[in-house]
Amino acid sequence: MAKFSVCSFLLLLATFLTDVYAENIEGGLPTTIEAHPYLVSLQTNDGSRICGGALINENTVVTAASCLNFYDVSQLVVGINNGAKIVNIAASRFDPSFDFTTNENDVGVLRLAEPVNDAVIALATSEPANGANAIVTGWASGDKLVDVPVSILSAEKCSSGEYKYGEGEILDSMLCALAENSQACGGLAGNPVVSNNQLVGVASWGYGCGNKGNPAVLTDLAALRSWVSQTAGNL
């Protein structure tokens, strides 16, 4: 069964709403772009954010494939330094094995039209352990940046029956993230998830908010690291 139609992604996870993408995070902790300089936004020319992403080098952004599959990327730009700098997209690609009905392999890469000097985040080299602490960063109302502390769950743990996902829904290219604040909700696909100073995932999909038994489902970037690195080098 498809997990979304045309869609809007709720951050800590997505209940999808037709033809709407932007959602504000509720229940996050105030933060700054200085604390997360790798954070970028994918947005339209009028400044409307549709997705988040993360800089992994001076001209490469990692985001969710779902952010690229449903838009004409030529009509999008990247907001750096919380939108203070706008950079055009020179090229983009999402994993050809991305499945929009299951969100398997939900990862995409953008090459910026010019290099930027903002700090970058390293890709995770291995999957974080069950219960590892992580932070999802995104936007609350008024363009304010917030962090949502989460606990990482493996695909096996997330699909064990303890939560609301059925057998076969949480695949090997996925992780889950359970929000520590039971009121946390909202956000964008592609928002970066960082643990131990490494980019372990990007927000992908889910059933409702990422709390109260509904962990957010993330793209497991350690599992897809080879594709991301190779694509970034060739894009």
Side-chain angles (χ1 to χ4, degrees), residues 9 11 21 32-45 47 49-98 103-128 134-139 145 173-175 187-204 218-235:
F9 300 89
L11 158 61
Y21 244 86
T32 64
I33 193 62
E34 288 78 16
H36 306 285
Y38 53 83
L39 175 70
V40 304
S41 58
L42 276 66
Q43 57 192 61
T44 58
N45 286 311
R49 280 189 297 268
I50 63 162
C51 279
L55 284 163
I56 60 168
N57 63 43
E58 65 180 3
N59 61 6
T60 305
V61 170
V62 172
T63 187
S66 46
C67 298
L68 307 179
N69 191 44
F70 300 108
Y71 275 87
D72 179 355
V73 179
S74 68
Q75 301 301 307
L76 301 179
V77 294
V78 174
I80 309 291
N81 194 20
N82 203 20
K85 180 179 177 64
I86 300 300
V87 179
N88 290 328
I89 297 169
S92 67
R93 188 174 302 162
F94 59 83
D95 192 323
S97 57
F98 168 60
N103 281 320
E104 185 174 16
N105 302 318
D106 187 11
V107 65
V109 173
L110 305 173
R111 180 167 60 84
L112 301 178
E114 60 183 274
V116 296
N117 296 322
D118 298 76
V120 300
I121 186 78
L123 282 174
T125 56
S126 60
E127 181 180 307
I135 293 291
V136 182
T137 304
W139 292 267
L145 287 176
S173 65
M174 301 173 186
L175 295 171
L188 296 172
N191 278 351
V193 185
V194 172
S195 180
N196 196 28
N197 296 316
Q198 293 187 327
L199 184 66
V200 298
V202 291
S204 178
L218 316 174
T219 302
D220 181 355
L221 291 180
L224 300 175
R225 179 185 171 91
S226 294
W227 182 87
V228 171
S229 298
Q230 182 176 0
T231 302
N234 296 331
L235 199 58

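Quick note: numbers below take in every heavy atom, side chains included, and nothing from hydrogens, waters or symmetry partners. This structure is a prediction, so every number in the text was calculated from the model and none was measured.
Under the rule for a side-chain contact (heavy atoms from CB on, under 4.5 Å), the partners of Thr125 that lie at least two apart in sequence or sit in another chain are Gln198, Arg225. Remark: Asn196 engages no residue in a side-chain contact (heavy atoms from CB on, under 4.5 Å) (not counting sequence neighbours). Partners of Ala223 according to the side-chain contact (heavy atoms from CB on, under 4.5 Å) rule, which considers only residues two or more places apart in sequence or in another chain, are Asp220.
The CG atom of Asn105 sits 9.5 Å away from atom CH2 of Trp227, with the distance rounded to the nearest 0.5 Å. Note that CG of Asp118 is 10.0 Å distant from CD of Glu34, once rounded to the nearest 0.5 Å. Distance CG/Asn191 to OG1/Thr137: 8.0 Å, rounded to 0.5 Å.
Side chain of Asn234 to main chain of Gln230: a donor-acceptor pair is present (N/O by atom type, distance under 3.5 Å, no hydrogens or angles). Under a 3.5 Å cut-off, the side chain of Thr219 and the backbone N or O of Asp106 do form a donor-acceptor pair. In this structure, the side chain of Arg111 engages the main chain of Leu235 through a donor-acceptor pair within 3.5 Å. No donor-acceptor pair closer than 3.5 Å links the side chain of Ser195 to the backbone N or O of Ala134.
Test Ser97, Ser229, Ser173 against Leu224 for side chain to side chain contact (heavy atoms under 4.5 Å, CB included) and you get one pass: Ser173.
The two residues Ala203 and Ala64 come nearest to each other via the heavy atoms O-CB, 4.1 Å. A pairwise comparison of heavy atoms in Leu42 and Cys67 identifies CD2-CB, 4.2 Å as the closest pair. Closest approach of Ser204 to Asn103, counting heavy atoms only: OG-CB, 3.9 Å.
Screening residues 71-81 for salt bridge (Lys or Arg N to Asp or Glu O under 4.0 Å) gives no qualifying pairs among residues at least two apart or on separate chains.
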Please determine whether side-chain contact (heavy atoms from CB on, under 4.5 Å) holds for the pair His36 and Leu145, giving the CA-CA distance in whole Å, both sets of side-chain angles, and the decisive distance to 0.1 Å.
CA-CA 9 Å; His36 306 285; Leu145 287 176; 6.0 Å; no

Tell me, with the steps shown, if Val109 and Val228 meet side-chain contact (heavy atoms from CB on, under 4.5 Å).
CA-CA 7 Å; Val109 173; Val228 171; 4.2 Å; yes

One pair to check against side-chain contact (heavy atoms from CB on, under 4.5 Å): Val194 and Tyr38. What are the steps and the verdict?
CA-CA 11 Å; Val194 172; Tyr38 53 83; 3.3 Å; yes

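With contacts defined as side-chain heavy-atom distances shorter than 4.5 Å, the pair Ile121/Pro192 does not qualify.
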Enumerate, atom names and distances included, each donor-acceptor pair closer than 3.5 Å involving a side-chain atom of residues 76-94, sequence neighbours excluded.
residue	atom	partner	partner atom	Å
Asn82	OD1	Trp139	NE1	2.7
Lys85	NZ	Glu114	OE1	3.3

Identify all side-chain donor-acceptor contacts of residues 51-63 below 3.5 Å with residues at least two apart in sequence or on another chain.
residue	atom	partner	partner atom	Å
Asn57	OD1	Asn59	N	3.0
Asn57	OD1	Thr60	N	2.9
Asn57	OD1	Thr60	OG1	2.8
Asn57	ND2	Thr60	OG1	3.2
Thr63	OG1	Gly52	O	2.7

